[in-house]
Amino acid sequence: MGESTSGSEWISAAEFHRAGGVSDWRVAGTGPQAVFTATSLSHAANLVAPIVAAAERFGVVPDIDVRPEAVVVRIPDRTFEGIPAAAVEFAAAVSAAAADLALIADPSRAQSIGVYVAQHSEADVRPFFMAALGYDALGDTDAVDPLRCGPQLAFNPITGDAAARGRTHFDVFVPADQAQARVDAALAAGGRLADDKYAPAWWSLASPENHGVDIASWTDTSD
C-alpha cells in the first residue's frame with residue numbers, strides 16, 4: 001500500500017489532489033471518483049479489467065458503474081476514516097488505462113448526493129428509514145445503501161422545533177471548480193439563495209416551494 005506524505009495509511013482530499021496522475025479525479029461526499037465518457041457500452045466495459053487489476057495491485061476496493069455513456073469509478077469511504085493512501089496509485093493507474101482506451105475523463109460530471117434528515121432532538125428516525133429503504137447503519141448518525149447505489153442518509157437532531165415535524169434537505173457534493181456554476185444554474189432555474197455564509201464550502205438554496213438543497217464543494221478541498 002502506498003503512503004501519504006505524513007506516512008499515514010489515510011490521506012485528506014487536499015493530499016490526494018496534490019499527488020501526481022490524479023487530475024481526472026475529484027473527491028465528492030463519498031470519496032474520490034472519476035467519470036470517463038464512452039462511445040458505447042462495450043467501449044465502457046473495456047475499462048473494467050484494468051480497474052480490477054489496479055484494485056488487486058494496490059489493495060483498493062472500488063465501485064464501478066458501467067453505462068453506455070460513461071464509466072464511473074468511485075473509491076468509497078466505508079468507515080469515515082478518510083481516503084486510503086493507496087488510492088493515489090490506483091487512481092493514476094485507472095486514468096492511464098482509460099487514456100489508452102480513448103475513454104475521455106470528464107471531472108465536471110463527478111458528484112454524490114446525500115439526504116439529510118432533520119429530526120427532533122428527542123426522536124430517532126434512523127431505524128425507520130433503514131427498515132423502509134433496506135439500508136445499513138454507518139457510524140452513529142448515517143445510513144447507507146448496502147450496494148452504495150442510493151444516496152447516503154444522515155440524521156441531524158434539531159432543537160427548538162416541534163416534535164413530529166420532519167425537515168429534510170439534499171446535499172449535492174460537486175467538484176470545487178464546478179460548485180459556483182451549479183449554484184448559478186439552480187438560481188437561474190427559479191431557486192433562492194437561502195444562506196451563503198459558508199461559501200465556497202457550501203451554499204444553501206431553496207426551491208420555488210422552499211425545499212432545501214445544499215451545493216457542497218468542501219469535500220474536494222478538505223485538508
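With contacts defined as side-chain heavy-atom distances shorter than 4.5 Å, the pair Q33/Q111 does not qualify. Put simply, the side chain of T141 does not reach to within 4.5 Å of the side chain of N156, judged on heavy atoms. Counting heavy atoms from C-beta outward, F173 and T30 have side chains that stay 4.5 Å or more apart. Under the 4.5 Å side-chain criterion, counting only non-hydrogen atoms from C-beta, W10 is in contact with P84. Q152 places none of its side-chain heavy atoms less than 4.5 Å from the side chain of D171. Residues W203 and Q180 meet the side-chain proximity criterion, which asks for heavy atoms closer than 4.5 Å. Proximity of D214 to Y198: side-chain heavy atoms (C-beta onward) are nowhere separated by under 4.5 Å. In this structure, R67 and V35 have side chains that are not in contact, with every pair of non-hydrogen atoms separated by 4.5 Å or more.
Across all their heavy atoms, V94 and A54 have their closest contact at CG2-CB, 4.3 Å. Closest approach of S12 to D223, counting heavy atoms only: OG-OD1, 3.2 Å.
Side-chain contact check for S95 and D24: at least one donor-acceptor pair (N or O, by modelled atom type) lies under 3.5 Å.
Using the six-membered ring where Trp is involved, F129 and F155 have ring planes that are tilted, between 30° and 60° apart.
Note on R78 versus D136: no salt bridge recorded, every NZ/NE/NH1/NH2 to OD/OE distance being 4.0 Å or above.
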Applying side-chain contact (heavy atoms from CB on, under 4.5 Å), run through F90 and V73 and close with a yes or a no. CA-CA 11 Å; F90 168 81; V73 190; 4.2 Å; yes

Evaluate the criterion salt bridge (Lys or Arg N to Asp or Glu O under 4.0 Å) for residue pair D65 and R148; output intermediate values, then yes/no. CA-CA 11 Å; D65 186 344; R148 296 168 303 282; over 6 Å; no

